[in-house]
2 protein chains.
Amino acid sequence: MTSQSTEWSTSHSLFFKALANPARMSIISLLHTSQRSVTEISDELGFEQTMVSHHLRCLSFCGFVKSKRKGKNMIYALNKETIVPILKIVEKHLEKYASNLYSCDALER
Amino acid sequence: MTSQSTEWSTSHSLFFKALANPARMSIISLLHTSQRSVTEISDELGFEQTMVSHHLRCLSFCGFVKSKRKGKNMIYALNKETIVPILKIVEKHLEKYASNLYSCDALER
DNA sequence: TATACACATGACAAAAACGTCATATGACAT
DNA sequence: ATGTCATATGACGTTTTTGTCATGTGTATA
């Protein structure tokens, strides 16, 4: 394995790791509809505010969401450029393989 | 949060979790070129055979690769239908955000 | 400038994922 | 039938990831 291919697999797996968390995906799903403040996200998902902040920090830093301040609030919005086309492909894959993903023991749960 | 949106985020995060591992991405990268046996994959990547088998089991079960027996060997090939279009989008995202993904501390390493 | 509200950060215990070791199964050749 | 090569499986310790608790920072309003 060359060091270049190591870099390739590292960066690509990091991309997927950022999305490989149910809480982060819930947030993305919510923001897909419309932008929201941290408190709104916490309340609507029933997650602790601090947990939501942690995940938003990751999603924001990695380019999946963008944020702007509005008074006391931070408003987070989805960066649709990447997420929307990806989700289309994922959904097509899930049509066939969702049940297998659920029972793949390498991905346990 | 409705139970339906829980299911949505669960299945979607499982999809990404399957790809969120550098070894599995290395294997995918290798199979992108051409199909290979388990030993060939192990040798070319410098990974233990047993590790490669574990990852191939996951990738196969989740629909990312397909396999066929050829004598004593198992030949694994990429299911390009999902992976190829996804990688195009990922690469575009990485052009902008790769360095951030590397230093996102939620994704440490 | 004090107080409340909104959000972010750091640290840490619990849970999950990874890789490895030992070993099992399967296929072919002798 | 037995040996050998190729691959798969199970179990387990280590590492990584996760969510939570305590607390810090920023913004507005009185």
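All chains are named by letter (A, B, ...) in the order of the sequence lines, taking the proteins before the strands, and each is independently numbered beginning at 1.
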In whole Å, I'd like the distance from the [atom1] atom of [X] to the [atom2] atom of [N].
X: B/R69; N: D/dA6; atom1: CZ; atom2: P; answer: 12 Å
X: A/L107; N: D/dT16; atom1: CG; atom2: P; answer: 19 Å
X: B/K17; N: C/dC18; atom1: NZ; atom2: C1'; answer: 13 Å
X: A/E108; N: D/dG10; atom1: CD; atom2: C1'; answer: 12 Å

| request: List for me each residue that meets side-chain hydrogen bond (donor to acceptor under 3.5 Å, both in side chains) alongside A/K70, sequence neighbours excluded, and say none if there are none. | output: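 A/K70 satisfies side-chain hydrogen bond (donor to acceptor under 3.5 Å, both in side chains) with no residue once adjacent residues are dropped.
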
| Under the side-chain hydrogen bond (donor to acceptor under 3.5 Å, both in side chains) test, residues paired with A/T33 that sit two or more places apart |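 A/T33 satisfies side-chain hydrogen bond (donor to acceptor under 3.5 Å, both in side chains) with no residue once adjacent residues are dropped.
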
| said: Taking A/S60's backbone N and O only, do any of them form a donor-acceptor pair with A/K66's side chain (distance below 3.5 Å, no angle check)? | reply: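 Judged by distance alone, no pair lies under 3.5 Å.
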
Under 3.5 Å, which donor-acceptor pairs link side chains of residues 18-25 of chain A to any protein atom two or more places apart or in another chain?
unit_1 : atom_1 : unit_2 : atom_2 : d
A/N21  : OD1    : A/A23  : N      : 2.8
A/N21  : OD1    : A/R24  : N      : 3.0
A/R24  : NE     : A/A18  : O      : 2.7
A/R24  : NH1    : A/H55  : ND1    : 3.2
A/R24  : NH2    : A/K17  : O      : 3.2

| In terms of side-chain heavy atoms of B/K72, which of D/dT27, C/dC18, D/dA6 is nearest? |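 Per side-chain heavy atoms of B/K72, the pick is D/dA6.
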
| Side chain of B/E48 - closest among C/dC21, D/dA8, D/dG19 |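 Taking heavy atoms from C-beta onward, the closest nucleotide is C/dC21.
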
Distance below 4.0 Å between [X] side-chain N/O and [N] OP1 or OP2:
X: A/R24; N: D/dT18; value: yes
X: A/Y76; N: C/dA8; value: yes
X: B/H55; N: C/dC18; value: no
X: B/N21; N: C/dC18; value: yes

| field | ring pair (Phe, Tyr, Trp, His ring centres under 6.0 Å) partners of residues 67-96 of chain B, not counting sequence neighbours, each pair once | value |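 Sorted result for residues 67-96 of chain B: A/F15-B/H93, A/F64-B/H93, B/H93-B/Y97.
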
Pairs under 3.5 angstrom, nitrogen or oxygen only, protein versus nucleotides 9-15 of chain C, please.
unit_1 : atom_1 : unit_2 : atom_2 : d
C/dT9  : OP2    : A/R57  : NH1    : 2.9
C/dT9  : O4     : A/T50  : OG1    : 2.4
C/dG10 : O6     : A/H54  : NE2    : 2.8

| task | Only counting residues at least two apart or in another chain, list the ones meeting side chain to side chain contact (heavy atoms under 4.5 Å, CB included) with A/A98. | result |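 A/A98 satisfies side chain to side chain contact (heavy atoms under 4.5 Å, CB included) with A/L94 once adjacent residues are dropped.
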
| field | Whichever of A/G71 and A/A23 has its nearest DNA chain D nucleotide further upstream toward 5' | value |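 Going by which nucleotide is closer to the 5' end, it is A/A23.
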
